[in-house]
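Heads up: the structure comes next, in structure tokens.
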Amino acid sequence: MEAKDLWIALITRVYDQLLYKQSSVFAGRTDVATVTSWSAPIIWEGTFDSALIDSIYQSQNLTIATTVFALGKYTCFVKDFLESAEEHYFVGFRVHYYLFTDKPESVPVVKMGEHRSLTVQKVQSLNRWQDITMNRMEKLEKLIENELANDADFIFCLDVDTKFYARWGAESLGHLVGVIHPWLFDVPRDQFTYERRPESKAYIPAGEGDYYYAGGAFGGSLEDVHHLTKTCREQLNIDAANSIEAVWQEESHLNKYFLLNKPCKLLSPEYMWRDINTSAAQIKIIRFTNVPKNYAEVRPNP
Ligand code: GAL
Ligand code: MN
């Protein structure tokens, strides 16, 4: 193991065990659960000390690979996504954005900070938004395999129809990280929109499941996210061969994956909110949010 990998392995554990769980701020939130039944922290505003976290993580020259997909009219979201990320996302860290698009010529020029860069990769156009969203797993699997090995320490895979409004930083790092879905964080488990047909590989029976995770944001170490994307791609392929498409496509398979492979850290819906004009008592800060959109205008099919 290289020294840096060892450092990462140690610090993510120290962070999770000491900085988070034992810290006085951890006890600061009583209105929300701040730890899962398998002892993974759930990150909410008021549960971490951002200056302390930054001072620890910034010693290591970490690079965060960050992927987004903008096909068809979704290219209209790229500018706000990148500009707001430059303002709020892993400020002070190395960030390498990978943008997949079928229209590279339409990618706007966005001024990047020091140690921050953008790589644009051309992908083929697809006719159904369901295929576009599902196809991401395979593209991510191949990106990690072919290009990231010596280029990044962590990866986050994000939706592009989004915008940052506040800090998203090193408090989010861990080897496998999921984000709790903004519409389903305070509803009983039987209302989770898991795939309920046993014929699908994404099937989760009634009474099972921990959380409902958003498909629009997940991340972790290259190794863990490679395993996640490879597994989801394989399960999607099996479903396709059986002529079944899970109710929320790759999000359904991600939820199945996280049921069987528990994330070591969960991010609260502050990290993937409904939209900037919606509020909830538990949400003290909106860090990253969906952008309201006219589906008929931006999607290639209903
Ligand atoms: C919606 C969201 C979908 C999917 C669904 C799950 O709010 O727009 O992408 O996540 O929730 O129920
Ligand atoms: Mn989206």
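Every number for a ligand or one of its atoms is a count from 1 in the order of the listing. In this text, all values refer to a predicted model and were calculated from it rather than measured experimentally.
For atom 8 (O) of ligand 1, the closest heavy atom belonging to the protein is Tyr295 OH, 4.0 Å. For atom 4 (C) of ligand 1, the closest non-hydrogen atom of the protein is Glu251 OE1, 3.4 Å. The single protein non-hydrogen atom nearest to atom 7 (O) of ligand 1 is Trp183 CD1, 3.2 Å, given as residue, atom name and distance. Looking at atom 3 (C) of ligand 1, its nearest protein heavy atom turns out to be Trp248 CZ3, 3.6 Å.
Counting just the N/O/S atoms of Asp159, the one with the shortest distance to the Mn ion (ligand 2) is named OD2.
Lys103 places a side-chain N or O within donor-acceptor distance of the main-chain N or O of Gly72, the cut-off being under 3.5 Å. At least one donor-acceptor pair under 3.5 Å links the side chain of Lys4 to the backbone N or O of Asn61.
Judged by the 6.0 Å distance and 45° axis criteria, Arg287 is not positioned over the aromatic ring of Trp168. For the pair Arg274 and Trp183, the cation-pi criterion (under 6.0 Å, within 45° of the ring axis) is fulfilled.
Listed by atom number, the atoms of ligand 1 under 4.0 Å from Thr193 heavy atoms are 6 (C), 12 (O).
Ring geometry, Tyr194 versus Phe192: the interplanar angle exceeds 60°, so the pair is classed perpendicular (tilted spans 30 to 60°).
By the criterion of side-chain heavy atoms lying less than 4.5 angstrom apart, applied directly or through intervening Ile, Leu, Val, Met, Phe, Trp or Tyr residues, Val78 is grouped together with Leu118 in one hydrophobic cluster.
Look at His181 and you'll find a heavy atom under 4.0 Å from some atom of ligand 1.
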